[in-house]
Amino acid sequence: MAAAATARSGFRRMFSISAFSPPKPATPPPKADPSPNLFVSGLSKRTTTDGLRDAFAKFGEVIHARVVTDRVTGFSKGFGFVRYATVEDAAKGIEGMDGKFLDGWVIFAEYARPRSPQQQDMNSQPQQSWGPPSSSWGAQ
DNA sequence: ATTGAGCGT
């Protein structure tokens, strides 16, 4: 039965030709920087802020939750934001609500990005002269 | 004043 071994070796060599090296060293998971802010998408139009907060409050202490709604129509845009007390609570919230159902729609929880360099910390308000510009007061 | 991926009044 040496022929079998030889044939197996040949097959082995044939399928061992790695001319096509997959340029995928690792799967690019949608991992973002840990942050207490969570971005929840896939929400239903009927989902409101209270429902979102109630759904995420079961996995951690939710500091603030908000469902983005259109300013003109006032209807939900289908996504919202949830802020936890700590990043670990946020992780638990993601692992607990990501890919789950909410109001009949599969929601996706992920770390939210910094909205703007400003309005993040009121304490870091830049210096500004609190004195009136001695002008533009009598104008208009 | 809907759309179904997305990042906020």
Side-chain angles (χ1 to χ4, degrees):
Chain A
M1 310 288 190
T6 304
R8 247 189 345 199
S9 276
F11 276 35
R12 190 84 172 96
R13 278 201 303 115
M14 276 179 68
F15 289 95
S16 293
I17 300 177
S18 311
F20 304 95
S21 45
K24 297 175 183 176
T27 59
K31 186 179 65 178
D33 295 338
S35 166
N37 281 62
L38 260 60
F39 170 72
V40 185
S41 56
L43 294 176
S44 178
K45 301 298 191 323
R46 302 171 298 188
T47 306
T48 177
T49 300
D50 188 68
L52 185 66
R53 180 165 54 98
D54 184 72
F56 278 81
K58 297 182 293 186
F59 299 93
E61 185 180 357
V62 176
I63 299 300
H64 183 66
R66 172 193 285 171
V67 172
V68 178
T69 54
D70 190 81
R71 189 173 64 91
V72 181
T73 64
F75 288 95
S76 175
K77 287 184 179 177
F79 63 92
F81 294 90
V82 176
R83 174 173 290 186
Y84 277 98
T86 58
V87 294
E88 59 184 6
D89 285 348
K92 291 191 295 183
I94 292 178
E95 295 295 329
M97 285 302 298
D98 180 59
K100 298 299 161 45
F101 284 88
L102 185 59
D103 289 341
W105 283 84
V106 180
I107 67 175
F108 296 95
E110 193 175 335
Y111 295 105
R113 306 183 191 161
R115 190 173 144 233
S116 188
Q118 277 184 343
Q119 200 167 356
Q120 273 188 336
D121 191 3
M122 283 185 185
N123 230 347
S124 296
Q125 197 171 13
Q127 288 180 341
Q128 189 174 11
S129 300
W130 283 85
S134 71
S135 235
S136 307
W137 281 93
Q140 165 13 352

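Looking at heavy atoms from C-beta onward, A/D70 lies out of side-chain contact with A/F75 at the 4.5 angstrom threshold. Residues A/V106 and A/F101 have side chains in contact (heavy-atom distance under 4.5 Å, counting atoms from C-beta outward). Put simply, the side chain of A/V62 reaches to within 4.5 Å of the side chain of A/Y84, judged on heavy atoms.
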### Query
Would A/L102 and A/L43 satisfy side-chain contact (heavy atoms from CB on, under 4.5 Å), going step by step from the backbone distance to the final call?
CA-CA 7 Å; A/L102 185 59; A/L43 294 176; 3.7 Å; yes
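By the ring pair (Phe, Tyr, Trp, His ring centres under 6.0 Å) test, A/F59 is found to be paired with no residue, residues two or more places apart in sequence or in another chain being considered. In terms of the side chain to side chain contact (heavy atoms under 4.5 Å, CB included) criterion, A/E95 has no residue partners (sequence neighbours excluded).
Counting to the nearest Å, the P atom of B/dC7 and the CZ atom of A/R71 are 19 Å from each other. In this structure, A/F101 atom CZ and B/dG4 atom P are separated by 19 Å, rounded to whole Å. The nearest whole Å value for the distance from the CG atom in A/D33 to the P atom in B/dC7 is 16 Å. In this structure, A/L43 atom CG and B/dG6 atom C1' are separated by 11 Å, rounded to whole Å. Atom CZ of A/R83 is separated from atom C1' of B/dT9 by 15 Å (rounded to the nearest Å). The separation between A/F79 atom CZ and B/dT9 atom C1' is 12 Å, rounded to whole Å. Atom-to-atom, NZ of A/K45 to P of B/dA1 comes out at 15 Å; the value is rounded to the nearest Å. Distance A/D70 CG to B/dG4 P: 16 Å, rounded to the nearest Å.
Using a 4.0 Å heavy-atom cutoff across all strands shown, A/N37 reaches at least one base atom of the nucleic acid. Nucleic acid contact class of A/G80 (heavy atoms, under 4.0 Å, all strands): none.
Contacts between residues 58-69 of chain A and DNA chain B, counted as heavy-atom distances below 4.0 Å, involve A/R66, A/V68, A/T69.
The side chain of A/T73 has B/dA1 as its nearest neighbour among B/dT9, B/dC7, B/dA1. Distances were taken from every side-chain heavy atom of A/W105 (C-beta onward) to each of B/dC7, B/dT9, B/dG4; the shortest belongs to B/dG4. Closest to the A/F39 side chain, of the nucleotides B/dG4, B/dT2, B/dC7, is B/dC7.
Side-chain nitrogen and oxygen atoms of A/K77 include none within less than 4.0 Å of the OP1 or OP2 phosphate oxygen of B/dC7.
To the nearest whole angstrom, the two P atoms, one in B/dG8 and one in B/dA1, are 24 Å apart.
Side-chain atoms of A/T49 do not come within 3.5 Å of backbone N or O of A/A65 as any donor-acceptor pair.
For B/dG8, the base is stacked against the aromatic ring of A/F81, per a cut-off of 5.5 Å between centres and 30° between planes.
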